[in-house]
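Here the structure comes first, spelled out in structure tokens, and everything after it is commentary.
All residue numbers refer to positions in the sequence shown, counting from 1. Small disclaimer: the values here were computed from a predicted structure and weren't measured.
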Amino acid sequence: MFDKSQLAAFGLFDARVPRYTSYPPSPQFGNAITNAQHAEWIRGIPPGSAISLYIHVPFCRRLCWFCACRTQGTQSDAPVRAYLDVLKTELALLKRQLPEGITLSRLHWGGGTPTLLSPGMIADLAGAIHDVAPLGQGGEFSVEIDPNEIDRPRLDALAAAGLNRASIGVQDFDPEIQKSIGRMQSYELTRDTVAMIRDCGITSLNTDILFGLPHQSRSKITESVQKLLSLNPDRVALYGYAHVPWVAKRQQLIPADALPSPEERLELFETARKLFMWDNYAEIGIDHFASFSDPLTIAQKTGRLRRNFQGYTDDQADVLIGVGASSISRFPQGYTQNAPATSAHAARVREGGFSTTRGHRFSDDDRLRGRVIEALMCDFEVASDELCDRFGVTRDRLDALFAQVNAKFDGHLSHGPEGLSIPQGLRPLTRVIARAFDAYDLSKAGHSSAI
């Protein structure tokens, strides 16, 4: 067990910090990046490259209260069909800008609820994507699947489109907790969905489970994790629920007085973490677990683990292009983000251009600090030799930076000629330590608790 008093002294229980799925975090994006810049960066991708593609489907049949994603509810297929037409137009525009020979290393459909698309819509969207770029050899096509919004015809359509990794959000199996977050999803429904997925020949399964939910206790999360383990997922993301009602208005429906304290959140995390470890899962970064044969585990062992907007990944592509409202793209030069509202996004795309409204161009300092933060988040250590070779930074500057950060933690980090590392007992502080390398103003809203 961790030393709570030491963790508390360094701010674990009261700090609000970014998740560092990007650097700088998205609240730091500005309005200087335009459609023209987005298109220029696409055209600058080297011909024959493998890139990642993210497709955002923002619609849900019902809005879960805990979710802070850009989503909207609909009981009709009419807005979904209209949005699909916009996606196809955007994909055609992307195709015109992409250099020759591009393939996809990763294709992910997120949301919202991508599986509310009908089988015909799924085939239509998949065909439009394939017309832009095919999935490369060894590429992964993953989709977020809602057990409440899936059936065999839709799964068959996804399998026919090449789906080879499914992702299911569990959150928690306890009925009282599900009711308090507006997400009813029984274990039996989830179990049957997993069986149906595997019966379709889709063998790789990702799952998400949350800690820090209202009414959650150690006994309840133990039961939920054990039920989850019975499904034999290949990967599990153990995310901390971020209660940010000033960002996501629907979270005002969640009983804040039933939320666990920061200290209790740590206990919930540790309880779940131990169960995954006891069941022979490898610990990946700060909040993921994977089977020992999973590519994510192999990437960690070989120093190829990376972090992006979907969390931890083994994807080595330098470019991630986001398609759809609010989607974020990452290029070697910086980030771009589409208009967040579906109406604004659609209007811009129908006018014949991308809907880029925000973004950020990397400085040399961004690249250095971003790599330090990614290395700490992935490997809990950062090597001085790599940074010197990759960024041309002097060892004296690195040592001074590492010493400055180490001093903020009373010298408890491991700092030497080889670099900086986080001891096992301080790893719950990883995001707090990463924050110490962040050069931007962190007062902007939207950050979650450090545990």
Side-chain angles (χ1 to χ4, degrees), residues 1-20 66 171-172 174 177 180-181 208-226 228 236-244 254-279 281-289 311-312 373 375-382 402 404-415 420-438 442 447-451:
M1 192 64 181
F2 300 110
D3 184 340
K4 288 185 181 180
S5 62
Q6 186 181 54
L7 297 177
F10 293 134
L12 180 65
F13 301 131
D14 53 23
R16 303 198 71 83
V17 294
R19 292 191 183 276
Y20 289 115
F66 71 90
Q171 322 323 332
D172 193 287
D174 182 81
I177 294 174
S180 72
I181 63 174
D208 299 346
I209 190 168
L210 295 179
F211 69 92
L213 294 172
H215 306 295
Q216 207 170 39
S217 64
R218 292 178 67 182
S219 61
K220 285 184 176 181
I221 201 169
T222 295
E223 183 176 359
S224 289
V225 168
Q226 289 175 334
L228 178 61
V236 180
L238 175 62
Y239 292 131
Y241 165 64
H243 191 62
V244 287
I254 289 179
D257 57 351
L259 292 170
S261 68
E263 292 81 0
E264 290 168 336
R265 285 171 65 94
L266 178 60
E267 291 181 356
L268 292 168
F269 172 81
E270 263 301 281
T271 298
R273 171 182 172 271
K274 288 179 179 177
L275 289 169
F276 290 123
M277 300 293 285
W278 288 338
D279 214 58
Y281 281 76
E283 190 172 13
I284 309 295
I286 65 169
D287 54 16
H288 279 50
F289 302 85
Y312 290 104
I373 289 172
L376 291 175
M377 296 289 290
C378 290
D379 306 314
F380 304 108
E381 63 181 15
V382 56
F402 292 163
Q404 181 184 26
V405 170
N406 197 18
K408 294 181 179 180
F409 298 91
D410 295 343
H412 288 292
L413 306 181
S414 297
H415 173 213
L420 185 79
S421 62
I422 304 174
Q424 180 73 41
L426 295 185
R427 288 185 180 176
L429 288 164
T430 298
R431 285 168 58 210
V432 178
I433 296 168
R435 181 185 64 175
F437 286 98
D438 194 326
L442 295 180
H447 302 325
S448 61
S449 61
I451 182 62

> Which pair of heavy atoms, one from Ile451 and one from Arg431, lies closest together, and at what distance?
Replying inline: N-NH1, 4.4 Å

> Looking only at heavy atoms, which two atoms of Asp172 and Ser224 are closest? And how far apart?
Replying inline: OD1-OG, 2.9 Å

> Can you check side-chain contact (heavy atoms from CB on, under 4.5 Å) on Leu429 and Ile422, steps first, answer last?
Replying inline: CA-CA 9 Å; Leu429 288 164; Ile422 304 174; 6.0 Å; no

> Quick one: are Phe10 and Val432 in side-chain contact, heavy atoms under 4.5 Å?
Replying inline: no

>> Pair Leu426, Gln6 - check side-chain contact (heavy atoms from CB on, under 4.5 Å), show working.
In response: CA-CA 9 Å; Leu426 295 185; Gln6 186 181 54; 3.3 Å; yes

> How many angstroms lie between CG in Leu420 and CZ in Phe437, if you round to the nearest 0.5 Å?
Replying inline: 5.0 Å

> Is there a side-chain contact between Glu381 and Ser414, using heavy atoms and a 4.5 Å cut-off?
Replying inline: no

>> Working note: Leu266 + Phe13, criterion side-chain contact (heavy atoms from CB on, under 4.5 Å); need CA distance, chi angles, decisive distance, verdict.
In response: CA-CA 9 Å; Leu266 178 60; Phe13 301 131; 3.9 Å; yes

> Below 4.5 Å, heavy atoms only, C-beta onward: do Glu267 and Lys4 meet side chain to side chain?
Replying inline: yes

> Rounded to the nearest 0.5 Å, how far apart are CG of Leu238 and CG of Leu268?
Replying inline: 9.5 Å

> Which distance, rounded to the nearest 0.5 Å, do you find between the CD1 of Ile221 and the CZ of Phe211?
Replying inline: 7.5 Å

>> If I take atom NZ from residue Lys408 and atom CD1 from residue Ile433, how far apart are they, to the nearest 0.5 angstrom?
In response: 11.5 Å

> Considering all heavy atoms of both residues, which atom of Arg19 and which atom of Ala242 are nearest to each other, and what is their separation?
Replying inline: NH2-CB, 3.4 Å

>> Checking Ile286 against Phe380 for the side-chain contact (heavy atoms from CB on, under 4.5 Å) test, could you report, in this order, the C-alpha distance in whole Å, the side-chain angles of both residues, the deciding distance, and whether it holds?
In response: CA-CA 9 Å; Ile286 65 169; Phe380 304 108; 3.9 Å; yes

> Would Phe289 and Phe276 count as a close aromatic pair, with their ring centres under 6.0 Å?
Replying inline: yes

> Would you call Glu223 and Lys220 a salt bridge, taking side-chain N to carboxylate O under 4.0 Å as the test?
Replying inline: no

> Looking only at heavy atoms, which two atoms of Arg265 and Ser449 are closest? And how far apart?
Replying inline: NH2-OG, 3.4 Å

> Which heavy atom in Arg435 sits nearest to a heavy atom in Leu442, and how many Å separate them?
Replying inline: CG-CD1, 2.8 Å

> Looking only at heavy atoms, which two atoms of Ala272 and Val225 are closest? And how far apart?
Replying inline: CB-CG2, 3.9 Å

>> Once rounded to the nearest 0.5 Å, what's the spacing between atom OH of Tyr239 and atom CD of Gln171?
In response: 10.5 Å

>> Please enumerate all residues that pass side-chain contact (heavy atoms from CB on, under 4.5 Å) together with Ala407, with sequence neighbours excluded.
In response: none

